[in-house]
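Since the structure comes first, as structure tokens, the remarks are kept for the end.
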Amino acid sequence: MSELPIGSIVTAFYKTGKYIGEITDIRPQSYLVRVLAVLKHPMQGDLHQPKEAMVEIFHERKALSYREQMNAPKKMVKPYTEESIPTYNQSLQAALDKMRHELQEDDSTFATQSLKNLEILNAEYYKLS
């Protein structure tokens, strides 16, 4: 695949989240991508021990913020093919709702702890200023 130009609207994975963004710089191994929307909220817990609840620290993982920039490996970046981009807040809420629903179907300790983290994050994302 040829290199994508600056200004391209793309989907990109960062850690365990997936985002829609705009390429703002090209680096040797990655693209610098400005976040415009969230497609998949990051998984909770330890990245090195996925779906495990009994870990030293069960991390609370926030989604990247609107217009936050990430270095995404080139192989994890693809052109965005839909006609419109959802707003950041709508996409974040949809990603949270989808993850919450998936976790509610699971009765594991990991799912229970992840749901607790998502409720804390939800309150942080939408607290009144």
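To the nearest 0.5 Å, atoms CE (Met43) and CG (Asn117) are separated by 11.0 Å. To the nearest 0.5 angstrom, Thr11 atom OG1 is 13.5 Å from Lys40 atom NZ. Rounding to the nearest 0.5 Å places CG of Leu32 at 5.5 Å from CG of Asn71. Rounded to the nearest 0.5 Å, atoms CG (Leu118) and CG (Leu96) are 6.0 Å apart. Going from atom CD1 of Ile85 over to atom CG of Leu39 covers 10.0 Å, rounded to the nearest 0.5 Å. The OG1 atom of Thr112 lies 7.5 Å from the CG atom of Asp106; values are rounded to the nearest 0.5 Å.
Under the rule for a salt bridge (charged side-chain N to carboxylate O under 4.0 Å, His left out), Lys116 has no partner lying at least two apart in sequence or in another chain. Remark: Glu83 engages no residue in a salt bridge (charged side-chain N to carboxylate O under 4.0 Å, His left out) (not counting sequence neighbours). Applying the salt bridge (charged side-chain N to carboxylate O under 4.0 Å, His left out) criterion to Arg67, with sequence neighbours excluded, gives no partner residue.
By the neighbour-count criterion of 12 heavy atoms within 6.0 Å, atom NZ of Lys62 is sparsely surrounded, having that number or fewer from other residues, nucleotides or ligands.
There is a path of hydrophobic side-chain contacts, each under 4.5 Å, that joins Tyr80 to Met70.
Using a 3.5 Å distance cut-off with no hydrogens or angles, the side chains of Thr87 and Asn89 do not pair a donor with an acceptor. Defined by atom type and a distance below 3.5 Å, a donor-acceptor pair is missing between the side-chain atoms of Glu22 and Ser8. Using modelled atom types and a 3.5 Å distance limit, the side chains of Asp97 and Gln93 yield a donor-acceptor pair.
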